[in-house]
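This structure is in structure tokens; I'll ask about it shortly.
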Amino acid sequence: MEYNFRRIEEKWQEQWIKDQVYRVNNDSPKPKYYVLDMFPYPSGAGLHVGHPLGYIASDIFARYKRLKGFNVLHPMGYDAFGLPAEQYAIEHGVHPAISTATNIKNFRSQLDRMGFSFDWSREVNTSYPKYYRWTQWIFLQLFNSYYNRSSNRAESIAGLAGIFEKEGNQNHPVPSPPSLRQNPSAALSALADQPFKAADWASFDEKAREDILMEYRLAYCGYGEVNWCEALGTVLANDEVINGVSERGGYPVVKKKLRQWYLRITEYADRLIEGLADVDFSESMKEMQANWIGKSHGAEIDFAVESEKGGTRTMRVYTTRPDTIFGVDFMVVAPETGWLGDIVSMAQEAEVKEYMEYVKNRSDRERQAEKKISGCFTGAYALNPFNGRKIPIWVSEYVLAGYGTGAIMAVPCGDERDFRFASHFNIPITNIIGGEFNGQQANDTRDAKLENSDFLNGVVMSAAIEIVISRLESLGLGKRKKNYKMRDAAFSRQRYWGEPFPIQWKSGIATPLSVEELPLELPHVANYGPGSEGEGPLAVIDEWTKRGLETNTMPGYAGSSWYFLRYMDPDNDRAFCSRKASDYWGQVDLYVGGTEHAVGHLLYSRLWTKVLYDLDLIGYQEPYKKLVNQGMIQGSSRFVYRLDFTGLEYKNNVEIFVSSGIAKRLMPMPAHEIFSWVKKQSPDFGLVAAEGGVAGAQISPIHVDVNIVDGVELDIEAFKTWRSGEFANAVFITEDGRYICGVEVEKMSKRYFNTVNPSDLCDKYGADTYRMYEMFLGPVEQSKPWDTKGIEGVYRFLKKLWRLFYDENKGRVWNETGATEAELRVLHRTIKKIEEDTERFSFNTGVSASMIAVNELGELGCHKREVLEPLIIILSPYIPHVCEELWHHFGNNSSILDAVFPRADNKYLIQSSKNYPVALNGRTRTELNISLDATQDQVESIVLENETVKKWLEGRPPKKIIYVKNKMINVVV
RNA sequence: GCCCGGAUGGCGGAAUUGGUAGACGCGCCAGACUCAAAAUCUGGUGUUGGCAACAACGUGCAGGUUCGAUUCCUGUUCCGGGCACCA
């Protein structure tokens, strides 16, 4: 009886569905465990071998936990809204819902081949109204809440209106004054600095009150810049913009201000940082999130501005280093600064205008990454608040409007970027740190004693910070300030394929729909193009705009910010998730996904969870208890090398491909030599050089589909039929009859022809082999290139495992004979190793432990049920199909899923002696078998008797003998 | 530019807490079986020198700490991920 994976896998996949073995109850006496994969977007390209890496890891862990006696929730669903489906709709006229459904079907059939233990009865799809109804509902909770800084939690906006009625806003200042200052409404921008009283509130009309409340809501409407492409008449995503022009068509892209929705995530900045202490994420992940939030302490300082236009304007800067105030040699403001026009001098006007033109189509990232220093003087000056020194005000792209106050005080002796700017524009540098500054580069020390610093002379910088802040505060020139790099999250898109906002505009007031009106369904549109001013496709639907409905839609992360909750209670039509269900399942115990979500999805879903917690809708404020990041699987591309000659008289319509080794050899040769070399090859390809010889030769590497390459050897026949016979006339110059391809590691992508479809591998080797091989490649967290070749080794392992039970000729060989001590040692060592490896997500070493066990049992000729039955239980999370099959051969009637993970018995694990490596001066020279309970003296005498040791000592006495029990021995000479 | 990772044989990787570098698998080489091939099995395989015993070198690069460093520290190079509208 041979190992027939096809029969086994088909049979059990059917049986498992029939028996609903993966169905999970919200009610169980067992402890719960929640394993979640990051929400997949069902792309049209389907899955390649890089995608399931995390799913296999989480599936192994879910199955393992079930064997360990847990009630395991392991769901899967689709983050189905998104830009690609909309793009496809624009290009092909297919409704996104239809293309998405097709993609999902394809996706699902690929997943089904791999034997995952997903409870599909809990499947969710963010684009279904029954799902986004609750996304809209949660949005309304955000809309109807504000962050109460006194109680440090989200509370109802109605309550805030009540407070305003009684006491105005003096105890609840406007949360984000910088954004307010940029508000086009003058009345509102005044609010930034001036609190209002109860009487003021009573005097405001409804519109004014609503505008004020909007400044507090957790989901609010404001204005923000987007990438506007006039030629395409649409707003573009960042990755659709390349070097300032659109990816499609190469049209110019400029920034345009549009009305946008935002989530006030900045109010949660501190809690998002604090929460990191309670979750088990990698330190680097926590660091990335903390850096993104970018909390810093410093001061806001007001500088009076002196310009030839007069006026009494001040400019406010944020700095983390107020101690360097006397080293400020120039100021820089962001080009977006609204009041720039008020201060620019006549002489500088043209230059500033030209500079603004240049910055207009520069992205934030380009502006920060730019190595070339650019900027221009405004002709105006700021006055140092302490000594009135005149400081020139410059404008430069390296200062971003969104961070701090959008203006900085530049200290060239202490900041590298400021230093380079000053050097480039010949701005004189004031040295306030004496010998610590060498004039060649800035020094950002905090430990220097200040010089040239008025009342700070002689003070150590770190101490000066406090002195300056308190003086600023007492003089009313500035104040202590904590600042965050993070900005509020833009929460609207000018797109069709997203959740509609449950918002109706009535006389300029955003009014929420009632709960009964949810879901507000996406209307059908005739085409998916944008509105005339870039508002998004919903703006061209009359019935939609007639009702005053919001024409933006929500971004991709709306549905994915709370999906982990919906899986707990997927069919609930009275709540997004019942409190009972969310209390039972609690946090996600294990979350598996890529680091690319570090600061996007993870922060947003942490925010939503905190808000839901504040509003008492769920009982915990961190969604994911433990996070494991899977690495990327890179593609291993294959190349063929086409040899083209220029200056041929006759070509015979052939394309010549030379094997990789030959291509390398030919490349440095002159064209005529290559040509005569080729002519010498047999058969001659019928090339005739023009008079005077060939003019040139070029070797071009061409990506070839990795699926028609065996290792590095090209399947020539398959190549000739590839791409509908594009290379049917190809001829080949091979090496020993083999065409060897070039190899390069690149991103796995269709356009490099290096994608490998998991379904193909399942067909060829079976899902068990495929799953195990993905794990065997290396640590889950690490990125690594894919190489199909190695899968054979795992396939051999499965056949070897099978042969412990069944022999090709003899049939059944497993028996009920009692196991020997040696066999039990193998078993128990393996139980311990696989348990430890699985617990620490070291699946690759778990696989190799399985291989070692099967190799050893094979050598021992062990076919005993006493050993093999526990063995297949511990292997079943990795290779579920074959283990289930063998489990039933042993006469078990229930699924192996419900077996109990065996315990490793210490009796079989202890050793009495060890082969110690004996090193001389740290270099291992020999081995000695010594009892584990030997003392230092005993060891020393044994070691000194040893011939090898004697040889190395050459009669000298050892200086020292280091003996680390159960580790090693080192003789120091 | 900024933030976060990574680098070990021909290849993927192992070495869990500073203690035998290269487990396990691929590939390659040799052998068995076979008319032959595939499959399977057995043995070998870091590099250099040597018949061998053995020796020297060896974990991106340059230093340092230590009896001992792939592991810790400093600097540096290259590669990957993210940088706010891809998801």
Side-chain angles (χ1 to χ4, degrees), chain A residues 38-41 43 79 81-84 87 224 226-227 235-241 260 282-285 287-288 290-292 294 363-371 398 402 417 485-490 492-495 555-557 560 594-601 603 629 631-632 634 636 711-712 743 745 747 773 776-779 781-787 789-794 796-797 799-800 803 808 836-837 840 842 844-845 847-852 855 915-927 959-962 964 966-973:
Chain A
M38 279 188 192
F39 220 11
Y41 174 79
S43 100
D79 189 12
F81 278 130
L83 198 51
Q87 210 59 262
V226 295
N227 300 313
V235 173
L236 297 177
N238 281 338
D239 64 339
E240 294 177 295
V241 183
Q260 301 270 35
S282 69
E283 284 309 307
S284 59
M285 176 64 62
E287 234 172 294
M288 274 191 262
N291 289 341
W292 175 267
S363 72
D364 281 8
R365 196 179 318 165
E366 283 170 331
R367 284 168 55 171
Q368 287 174 88
E370 185 60 69
K371 283 185 184 152
Y398 82 92
R417 217 155 29 159
K485 211 182 302 174
M486 180 169 67
R487 310 194 287 267
D488 280 342
S492 53
R493 304 290 182 257
Q494 293 68 48
R495 303 283 177 185
Y557 64 84
S560 62
T595 46
E596 66 271 22
H597 297 287
V599 289
H601 161 66
L603 273 179
N629 292 117
M632 290 218 153
Q634 292 140 323
S636 183
V712 290
V743 177
V745 172
K747 191 180 152 144
Y773 182 56
F776 188 53
L777 278 180
E781 303 93 331
Q782 224 170 76
S783 290
K784 58 236 154 189
W786 178 265
D787 176 16
K789 198 78 186 167
I791 200 170
E792 300 274 355
V794 175
R796 268 174 221 148
F797 159 79
K799 286 192 285 192
K800 250 190 235 178
R803 281 201 301 272
E808 214 174 307
E836 282 173 359
D837 286 351
R840 66 188 176 103
S842 178
N844 57 325
T845 53
V847 174
S848 84
S850 318
M851 289 174 169
I852 292 169
N855 288 346
N915 258 340
Y916 280 94
V918 180
L920 281 110
N921 288 335
R923 187 126 203 136
T924 306
R925 296 297 174 185
T926 187
E927 271 183 13
K959 214 183 260 173
K960 196 172 167 191
I961 295 177
I962 293 157
V964 184
N966 207 13
K967 294 280 185 200
M968 46 64 70
I969 296 159
N970 189 16
V971 182
V972 186
V973 189

B:A14 phosphate, OP1 or OP2, under 4.0 Å from A:Asn844 side-chain N/O: yes
Integer angstrom distance from the C1' of B:G27 to that of B:G10: 7 Å
Would you say A:Lys784's side chain and A:Pro779's backbone share a donor-acceptor pair under 3.5 angstrom? yes
Can you see which heavy atom on A:Phe39 is nearest to which on A:Ser560, and at what distance? CD2-CB, 3.7 Å
What's A:Glu781 touching, base or sugar-phosphate or nothing? Going by heavy atoms closer than 4.0 Å. nothing
Interatomic distance, A:Asp787 CG vs B:C26 P [rounded to whole Å]: 12 Å
Respond yes when some side-chain nitrogen or oxygen of A:Asn855 is under 4.0 Å from OP1 or OP2 of B:G25, and no when none is. yes
Assign each of A:Arg417 and A:Arg923 to its nearest nucleotide of RNA chain B by heavy atoms, then name whichever residue's nucleotide is nearer the 5' end. A:Arg417
Quick one: does A:Gln494's side chain get under 4.5 Å of A:Gln260's, heavy atoms only? yes
Rounded distance in Å between the C1' positions of B:C26 and B:G81: 28 Å
To the nearest 0.5 Å, how far apart are CE in A:Met968 and CD1 in A:Ile962? 6.5 Å
Separation of atom CG in A:Asn291 from atom C1' in B:G5, rounded to whole Å: 13 Å
Taking NZ from A:Lys789 and C1' from B:C24, how many angstroms apart are they, rounded to a whole number? 19 Å
For a quick test of reading the model: is some side-chain N or O of A:Lys799 closer than 4.0 Å to OP1 or OP2 of B:U40? yes
Student check: side-chain heavy atoms of A:Leu777 and A:Trp786 closer than 4.5 Å: yes
Given side chains that start at C-beta, do those of A:Ser282 and A:Asn629 come closer than 4.5 Å, heavy atoms only? yes
Euclidean distance for C1', B:U71 against B:A7 (whole angstrom): 14 Å
Could you check which of B:G5, B:C24, B:G19 has an atom nearest any side-chain atom of A:Phe776? B:C24
Euclidean distance for C1', B:G44 against B:C79 (whole angstrom): 34 Å
Step by step, work out the side chain to side chain donor-acceptor pair (under 3.5 Å) result for A:Thr845 and A:Asp837. CA-CA 7 Å; A:Thr845 53; A:Asp837 286 351; 3.0 Å; yes
What does nucleotides 66-87 of chain B look like as a protein-contact string, B for base, S for sugar-phosphate only, - for none, at under 4.0 angstrom between heavy atoms? -BS------------SSBBBBB
Please confirm whether the backbone N or O of A:Val235 pairs with a side-chain atom of A:Arg493, one donor and one acceptor, at under 3.5 Å? no
Minimal heavy-atom distance between A:Arg495 and A:Leu236, with the atoms involved, is NH2-CA, 3.9 Å
Taking B:A55 as the reference, what is the distance to B:U42 when you measure between their P atoms (whole Å, please)? 31 Å
Each base of RNA chain B marked ( ) or [ ] if paired in-strand (Watson-Crick or G-U under 3.5 Å), | if paired to another strand and . if unpaired gives (((((((..(((......[....)))((((((.......))))))((((....))))..(((((..]....))))))))))))....
Between B:C4 and B:C41, how far apart are the two C1' atoms, rounded to whole Å? 48 Å
Tell me whether B:G9 sits syn or anti, counting syn as a glycosidic angle within 90° of 0. syn
Taking protein heavy atoms under 4.0 Å as touching, what does nucleotides 41-47 of chain B look like 5' to 3' if B marks base contact, S marks sugar-phosphate-only contact and - marks none? S------
Given atom CG of A:Asn915 and atom P of B:U20, what is their separation to the nearest angstrom? 13 Å
Interatomic distance at P, B:C24 relative to B:C73, whole Å: 31 Å
Backbone N or O of A:Ala598 within a donor-acceptor pair of the A:Thr595 side chain at under 3.5 Å? no
Looking only at side-chain N and O atoms, does A:Arg925 come under 4.0 Å of OP1 or OP2 in B:A53? no
Scanning both residues in full, the closest heavy-atom pair of A:Ser492 with A:Pro555 reads N-CD, 4.3 Å
With heavy-atom distances below 4.5 Å as the criterion, would you say the side chains of A:Val918 and A:Thr924 are in contact? no
Any side-chain to backbone donor/acceptor pair from A:Tyr398 onto A:Arg367? Under 3.5 Å, distance only. no
note: A:Glu287, atom CD; B:C2, atom P; distance rounded to Å ~ 15 Å
A:Ile852 or A:Arg840, whichever maps to the more 5' nucleotide of RNA chain B: A:Arg840
Gap in Å between the two C1' atoms, one belonging to B:U20 and one to B:A14, rounded: 14 Å
For A:Met851 and B:A14, give me the distance from atom CE to atom C1', rounded to whole Å. 13 Å
